[in-house]
Peer 1: 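The structure under discussion is supplied below as structure tokens; questions concerning it will follow.
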Amino acid sequence: SAKDMKHRLGFLLQKSDSCDYSSSQGKKEKIPSSQRVSQEEVRKWADSLENLIHHDRGLAAFRAFLKSEYSEENIEFWVSCEDYKKTKSPAKLSPKARKIYDEFISVQATKEVNLDSCTREKTSHNVLEPTLSCFDEAQRKIFTLMEKDSYRRFLKSPYYLDLVSPPGASCGPENCKRSHTHTLDCNSNIISQCA
């Protein structure tokens, strides 16, 4: 249900920026100003998918949205590729590449991403002698797929719209309204308390 999704997103957002939250007390501590997401930052998320997924809180919100649509494998693949490109040790390239391939690209992958046969075949070949760029084409295709499809839906969803609430609204469940004009002092409270 929508309430469950909002609750999960609240949990993810709290976890991603390590806000203090005590489930035993059921109260959320005030978020230090250094960890708040500014109105300007949230607006940038609407400018491009790249802005969104290169921000920890934006990535957490988008991931929760994709999970609600049962398509989180796309963002998980993208994140795995980003992590893979940071691999410093040549000895770790092959096992990491194989893991990504087995999880997202092979025919029997548990989280198979939607790639055309040409890209899938090229990536399969690249994994035989992996380099830091062996997943680049596949990653680019999945990024484009998300950008044209799920990203547009995300911007119209409560996962994005509820992060931008009207000024003066308290963070209680009765005041969970959508608007694009608010400094986000209580944005994660809205999501966690609306469940």
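Since the structure is predicted, the reported quantities are computational estimates derived from the model, not experimental observations.
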Peer 1: Under the side-chain hydrogen bond (donor to acceptor under 3.5 Å, both in side chains) rule, collect the residues that match up with Glu112, sequence neighbours excluded.
Peer 2: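 Per chain and number, Glu112 pairs via side-chain hydrogen bond (donor to acceptor under 3.5 Å, both in side chains) with Arg120.
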Peer 1: Going from CG on Asn114 to CE on Met146, what distance comes out if it is rounded to the nearest 0.5 angstrom?
Peer 2: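 With rounding to 0.5 Å, CG (Asn114) is 12.5 Å from CE (Met146).
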Peer 1: What pair of heavy atoms forms the shortest contact from Ala61 to Leu163, and how long is it?
Peer 2: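 Result for this residue pair: CB-CD1, 4.3 Å.
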Peer 1: Carefully, step by step, assess Leu115 and Phe104 under the rule side chain to side chain contact (heavy atoms under 4.5 Å, CB included).
Peer 2: CA-CA 10 Å; Leu115 291 172; Phe104 299 103; over 6 Å; no
Peer 1: Taking all non-hydrogen atoms of both residues into account, name the closest pair between Ala91 and Pro95 and its distance.
Peer 2: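 Scanning both residues, the minimum pair turns out to be O-CD, 3.4 Å.
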Peer 1: Taking only residues at least two apart or on different chains, which pairs with a member in residues 79-103 satisfy ring pair (Phe, Tyr, Trp, His ring centres under 6.0 Å)?
Peer 2: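 Sorted pair list: Tyr84-Phe135.
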Peer 1: Would you say that more than 12 heavy atoms from the other residues, nucleotides or ligands in this model lie under 6.0 Å from the CD of Glu121, or not?
Peer 2: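 Not buried by this count: 12 neighbours or fewer within 6.0 Å.
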Peer 1: Any chance you could measure Leu145, atom CG, to Asp116, atom CG, to the nearest 0.5 Å?
Peer 2: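 Taking CG in Leu145 and CG in Asp116, the distance rounds to 10.5 Å.
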Peer 1: Would you name the heavy atoms of Thr123 and Ala138 that are closest together and state the gap between them?
Peer 2: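 So the two residues come closest at OG1-CB, 3.7 Å.
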Peer 1: What distance do Ile75 atom CD1 and Leu52 atom CG have between them, rounded to the nearest 0.5 Å?
Peer 2: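 Ile75 CD1 to Leu52 CG: 7.5 Å, rounded to 0.5 Å.
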Peer 1: Suppose we screen for side chain to side chain contact (heavy atoms under 4.5 Å, CB included). Which residues come up paired with Glu129, at least two apart in sequence or across chains?
Peer 2: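 Listed in chain order: nothing, the list is empty.
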Peer 1: Determine whether Phe154 and Leu66 make a side-chain contact, defined as any pair of heavy atoms from C-beta on separated by less than 4.5 Å.
Peer 2: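 When only atoms from C-beta onward are counted, Leu66 and Phe154 do not touch, as no gap falls below 4.5 Å.
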Peer 1: Mind checking whether Phe65 and Glu69 have side chains closer than 4.5 Å, heavy atoms only?
Peer 2: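 Yes, at least one pair of side-chain atoms sits under 4.5 Å.
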Peer 1: Can you tell if the side chain of Leu93 reaches within under 4.5 Å of the side chain of Leu132, non-hydrogen atoms only?
Peer 2: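 Contact flag for Leu93/Leu132 side chains = yes.
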Peer 1: Within this structure, what is the NZ-OG distance for the pair Lys44 and Ser38, rounded to the nearest 0.5 Å?
Peer 2: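 Here the rounded value is 7.0 Å.
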Peer 1: Quick one: SG on Cys81 to CG on Asp136, what's the gap to the nearest 0.5 Å?
Peer 2: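 Those atoms lie 8.0 Å apart.
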Peer 1: Would you compute the distance between atom OG1 of Thr110 and atom CD of Glu103 and round it to the nearest 0.5 angstrom?
Peer 2: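 One gets 5.0 Å once the value is rounded to the nearest 0.5 Å.
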Peer 1: Any salt bridge between Glu82 and Lys85, counting N to O under 4.0 Å?
Peer 2: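 Lys85 and Glu82: salt-bridged.
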Peer 1: Sequence neighbours excluded, which residues qualify as side-chain hydrogen bond (donor to acceptor under 3.5 Å, both in side chains) partners of Asp149?
Peer 2: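 Asp149 satisfies side-chain hydrogen bond (donor to acceptor under 3.5 Å, both in side chains) with Arg153 once adjacent residues are dropped.
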Peer 1: Can you see which heavy atom on Tyr159 is nearest to which on Ser68, and at what distance?
Peer 2: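 Result for this residue pair: OH-CB, 3.3 Å.
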Peer 1: Below 30° counts as parallel, above 60° as perpendicular, anything between as tilted: where do the rings of Trp78 and Phe143 land?
Peer 2: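 It falls in the tilted class, 30° to 60°.
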Peer 1: Does Lys96 have any side-chain hydrogen bond (donor to acceptor under 3.5 Å, both in side chains) partners at least two apart in sequence or in another chain, and if so, which?
Peer 2: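 If we apply the side-chain hydrogen bond (donor to acceptor under 3.5 Å, both in side chains) test to Lys96, skipping adjacent residues, the hits are Thr87.
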Peer 1: Looking only at side-chain N and O atoms, does Ser71 offer a donor or acceptor that is under 3.5 Å from a partner on Asn74?
Peer 2: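 Asn74 vs Ser71: no donor-acceptor pair found between side chains.
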Peer 1: Looking only at non-hydrogen atoms, find the nearest pair between Pro130 and Ser94 and report the distance.
Peer 2: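 Reported closest heavy-atom pair: CG-CA, 3.6 Å.
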Peer 1: Let me see the working for Leu59 and Val79 under side chain to side chain contact (heavy atoms under 4.5 Å, CB included), right down to the final yes or no.
Peer 2: CA-CA 10 Å; Leu59 178 61; Val79 169; 4.1 Å; yes
Peer 1: Residues in side-chain hydrogen bond (donor to acceptor under 3.5 Å, both in side chains) with Ser106, at least two apart?
Peer 2: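 For Ser106 there are no side-chain hydrogen bond (donor to acceptor under 3.5 Å, both in side chains) partners, ignoring immediate neighbours.
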Peer 1: Apply side chain to side chain contact (heavy atoms under 4.5 Å, CB included) to residues Lys156 and Tyr160 and explain how you reach the verdict.
Peer 2: CA-CA 7 Å; Lys156 296 174 185 170; Tyr160 178 71; over 6 Å; no
Peer 1: Mind listing the closest non-hydrogen atom pair of Val113 and Phe77 along with its distance?
Peer 2: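 Nearest heavy atoms, Val113 then Phe77: CG1-CB, 3.7 Å.
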